[in-house]
Asks: 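Pasting a structure here, questions to come.
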There are 2 protein chains.
Amino acid sequence: MVKITDVARHAGVSPSTVSYVLSGKRPISEETRRRVEESIRRLGYRPHAGARALAGRRSNVLALAVPLRPGIDVPVAMRFAVSVVTTARRHGHDVLLLTQEEGEEGLRQVVDTVSVDGLIVMDVQLDDPRPALLRGLDRPSVMIGFPADPKGLTCIDLDFKAAGEACVEHLARLGHRAVALVGSPPEVYVRGTAFAQRVVRGFTAAADRGRLASIVHPCEASPAAARTLAEQLLREQPALTGVVVHNEAVLEPLIDAFEKLGLRVPADLSVTAICPDELAASLRTPVTSVTLPADEVGARAVELLMKKLNGTATPEATLLPPRMTERGSTAPRAVA
Amino acid sequence: MVKITDVARHAGVSPSTVSYVLSGKRPISEETRRRVEESIRRLGYRPHAGARALAGRRSNVLALAVPLRPGIDVPVAMRFAVSVVTTARRHGHDVLLLTQEEGEEGLRQVVDTVSVDGLIVMDVQLDDPRPALLRGLDRPSVMIGFPADPKGLTCIDLDFKAAGEACVEHLARLGHRAVALVGSPPEVYVRGTAFAQRVVRGFTAAADRGRLASIVHPCEASPAAARTLAEQLLREQPALTGVVVHNEAVLEPLIDAFEKLGLRVPADLSVTAICPDELAASLRTPVTSVTLPADEVGARAVELLMKKLNGTATPEATLLPPRMTERGSTAPRAVA
DNA sequence: CACTTGTGTCGAAGCGCTTCGATTGGCGAA
DNA sequence: TTCGCCAATCGAAGCGCTTCGACACAAGTG
């Protein structure tokens with residue numbers, strides 16, 4: 001194994017100089033720096049992570065809590081995770097994976113063990129016990145999603161309320177007067193997942209403001225549930241011409257179901273979604289959607305955490321404004 | 001932070017004794033052990049991971065490479081991952097997450113950095129470059145899946161060939177004479193993913209042996225693709241009465257599609273699948289399936305790795321025999 | 001020209017843990 | 001009773017790195 005003393009010898013400097021070249025914490029002359037960097041490359045030197053963690057106070061490891069709870073869309077969750085991992089790596093950090101089972105215990109343990117510089121917590125819920133835990137920790141953290149009380153924390157997420165509003169307003173502008181929200185699976189609401197509720201709130205508020213008739217239903221993540229729900233919606237609201245889907249798993253089956261029921265999209269029924277762009281664009285009928293920018297959220301979460309690690313002040317709440325892309329699944333309401 | 005010397009003082013012993021209590025590498029009297037353990041608990045002591053990694057040669061961290069390639073079923077992949085993480089934790093190890101982007105570079109880097117005791121690599125493909133890399137490493141590894149040449153490696157997976165055979169044989173026993181395999185998305189075959197090909201091989205071999213008419217088609221992971229394929233299968237093989245589905249994402253839509261086409265399951269068409277039990281059991285028509293034991297595979301992979309870390313010999317290949325559960329989606333062929 | 005101020009580098013002291021060799025005391029064998 | 005031996009424990013030497021204070025020298029300052 002190549003160690004720092006090897007590099008130092010090879011470059012004709014002291015180990016501390018090599019360390020300073022690496023960390024940039026003290027000025028190093030241009031020439032020395034170059035020599036050291038050359039030696040590092042030639043010898044293929046990689047600092048020993050454990051030694052670093054011991055001597056410095058940093059381990060260069062982040063923990064990522066990914067609770068794969070029932071009802072969440074796993075592929076979407078993993079987009080966040082992948083984005084976190086790659087961004088972290090760009091910042092020289094590795095990512096330790098925590099899953100639901102480890103829950104609070106896992107959090108505490110990993111933190112106590114000092115193997116982790118900071119943590120990123122996904123799928124935060126309104127009554128989540130983790131925010132309290134995080135507040136008590138001596139290590140910085142960032143939450144993806146919002147708990148009931150984000151005071152003293154750092155949270156980031158898409159502005160789901162605005163996203164819900166944007167969808168309704170888009171439909172309203174097109175002349176639609178009766179709209180429905182197809183939400184996440186019921187478990188998600190039962191658990192009090194903030195983002196789901198925010199969509200509902202935004203949806204309802206905008207509908208009320210625009211004096212649109214509106215209904216809201218959660219929906220299981222299965223094609224069968226989608227079909228059932230499609231029928232139910234039309235029964236409850238025969239004048240329905242606009243649908244907002246906030247449920248990746250049923251987006252396609254739901255459109256299918258409506259078409260099977262004789263409604264053409266967008267001629268008879270306009271559909272918008274809140275979901276990753278890739279999904280919306282990949283469907284047979286590309287769907288007008290507010291993007292769920294998982295990549296951006298993941299990356300920004302890491303960047304916020306890096307800032308906190310550097311002692312830079314960070315905002316408590318970061319809400320990304322919704323960005324809507326029209327793709328042809330929405331059209332002006334046909335005038336009867 | 002509580003350190004080993006604090007524990008030692010509290011228990012009235014030397015730090016090395018505490019260390020030996022923890023590692024069990026030297027005999028410690030029953031009484032001392034108890035006192036030390038009590039102190040550890042009372043003080044809430046957690047060994048510093050970095051210091052451990054530095055002093056000992058172990059970091060108690062595993063790397064898990066989860067390449068979320070197109071065409072793979074993310075929820076299923078995550079079942080493996082979660083199982084790996086929880087099993088690793090039971091063995092006192094944390095799990096570092098590697099994603100596709102980091103690929104070989106990430107592997108090498110994490111390993112060089114000595115932050116990792118061993119690695120588990122998922123979604124291995126026939127011509128995967130990683131096995132070669134792993135062979136060259138000085139650290140043990142376990143692969144979930146099989147490369148073209150598993151010599152010198154440790155691989156574990158469901159015996160997909162036998163699984164394919166089991167499905168066909170089950171259908172054959174029920175009197176079916178014409179069967180179809182609905183496979184994974186085409187990308188998966190193009191990439192040469194062993195498990196997908198093995199299913200095909202098992203399926204075909206068993207069909208030939210039993211003199212069944214058989215057809216094989218990959219299928220995109222979308223309801224639309226499922227519908228199209230259902231029609232296509234019936235067109236190509238009007239006598240079709242048995243289907244094997246090896247594609248979690250289209251299992252439900254496919255059954256739907258067949259039913260829409262007027263075939264009742266299992267009265268007119270018997271369906272079996274290779275997928276996690278939970279999925280098979282959760283459908284409206286519970287599906288007879290060979291379980292894809294993600295939990296077991298993940299856990300066994302970790303255990304194999306632990307064995308290698310302890311220097312115990314491990315078999316190169318572990319193939320879990322298929323376990324089939326009848327659930328009512330298969331029935332004897334209706335005699336015309 | 002003596003004196004401060006910076007700049008770039010070095011040496012040494014740990015970080016918390018494991019591990020190796022040494023030490024102690026108790027016990028059976030001679 | 002003495003010796004040797006084993007079980008149980010201790011002390012000290014690092015593991016590879018960061019960081020702090022010291023130092024040497026060059027470049028201003030009055």
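Proteins get letters first, then strands, A, B, ... in listed order; numbering begins at 1 in each.
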Asks: I40(B) CD1 to dC17(C) P: how many Å, rounded?
Replies: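 Answer to the nearest Å: 10 Å.
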Asks: I'd like to know if Y20(B) reaches the base of dC20(C) with its side chain such that a donor and an acceptor end up less than 3.5 angstrom apart.
Replies: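 Yes.
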Asks: Nearest-Å distance, NE2 (H48(A)) to P (dG16(D))?
Replies: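 It is 7 Å, rounded to the nearest whole Å.
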Asks: Looking for any heavy atom pair under 4.0 Å, which part of the strands does T32(B) touch: base, sugar-phosphate only, or nothing?
Replies: sugar-phosphate
Asks: Which nucleotide in the list dT18(D), dT9(D), dC15(C) gets nearest to the side chain of L54(A)?
Replies: dC15(C)
Asks: Between residues 3-14 of chain B and DNA chain C, which residues have a heavy-atom gap below 4.0 Å?
Replies: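 Result for residues 3-14 of chain B: K3(B), I4(B), sorted by number.
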Asks: Check if the side chain of R26(B) and the base of dT19(C) share a donor-acceptor pair of N or O atoms closer than 3.5 Å.
Replies: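 Not at all, since no donor on one side and acceptor on the other fall under 3.5 Å apart.
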Asks: Within the pair K25(A) and dT19(D), is there a side-chain N or O less than 4.0 Å away from OP1 or OP2?
Replies: yes
Asks: More 5' along DNA chain D: A51(B) or P27(B), using each one's nearest nucleotide?
Replies: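 Checking each residue's closest nucleotide, the 5'-ward one belongs to P27(B).
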Asks: Do the side-chain N or O atoms of T17(A) get closer than 4.0 angstrom to the phosphate oxygens (OP1, OP2) of dC10(C)?
Replies: yes
Asks: Give a yes/no on whether any side-chain N or O of R52(B) is located under 4.0 angstrom from OP1 or OP2 of dT18(C).
Replies: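 It does, given that an N or O in the side chain of R52(B) lies less than 4.0 Å from OP1 or OP2 of dT18(C).
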Asks: Salt bridge or not for R191(A) and E187(A), using N-O below 4.0 Å?
Replies: no
Asks: Expressed in angstrom and rounded to an integer, what is the separation of R34(B) atom CZ from dA8(D) atom P?
Replies: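 Rounded to whole Å, this separation is 14 Å.
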Asks: Rounded to the Å, how far apart are L22(A) CG and dG16(D) P?
Replies: 16 Å
Asks: Tell me whether R130(B) is salt-bridged to D128(B), with the criterion being a basic N under 4.0 Å from an acidic carboxylate O.
Replies: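 Looking at D128(B) together with R130(B), the answer is yes, because their closest N to O distance falls below 4.0 Å.
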Asks: Which residue, E31(A), E30(A), E37(A), E38(A), forms the salt bridge (Lys or Arg N to Asp or Glu O under 4.0 Å) with R34(A)?
Replies: E30(A)
Asks: Quick check on R42(A): does its CZ atom have over 12 non-hydrogen neighbours (other residues, nucleotides or ligands) under 6.0 Å away?
Replies: no
Asks: Less than 4.0 Å between a side-chain N and a carboxylate O, is that true for R9(B) and D6(B)?
Replies: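 So D6(B) pairs with R9(B) through a salt bridge.
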Asks: Counting only heavy atoms not in K308(A) (residues, nucleotides, ligands), do more than 12 fall under 6.0 Å from its NZ?
Replies: yes
Asks: May I have the distance from R57(B) (atom CZ) to dT18(C) (atom C1'), rounded to whole angstrom?
Replies: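 Whole-Å distance recorded here is 10 Å.
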Asks: Does the side chain to side chain donor-acceptor pair (under 3.5 Å) test come out yes or no for T17(B) and S14(B), once each step is laid out?
Replies: CA-CA 5 Å; T17(B) 301; S14(B) 79; 3.2 Å; yes
Asks: Stepwise, does the side chain to side chain contact (heavy atoms under 4.5 Å, CB included) test hold for L292(A) with F160(A)?
Replies: CA-CA 9 Å; L292(A) 180 57; F160(A) 278 99; 3.5 Å; yes
Asks: Expressed in angstrom and rounded to an integer, what is the separation of E31(A) atom CD from dT7(C) atom P?
Replies: 19 Å
Asks: With no angle test and no hydrogens, is the base of dG11(D) tied to the side chain of S16(B) by a donor-acceptor pair under 3.5 Å?
Replies: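 Yes, a donor-acceptor pair under 3.5 Å.
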Asks: Within this structure, what is the CG-to-C1' distance between N60(B) and dG16(C), rounded to whole angstrom?
Replies: 14 Å
Asks: With respect to the phosphate group of dT9(D), does any side-chain polar atom (N or O) of S29(B) fall under 4.0 Å of OP1 or OP2?
Replies: yes
Asks: If I take atom CZ in residue R33(A) and atom P in nucleotide dT7(C), what distance separates them, rounded to the nearest angstrom?
Replies: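 Going from R33(A) (CZ) to dT7(C) (P), I get 14 Å.
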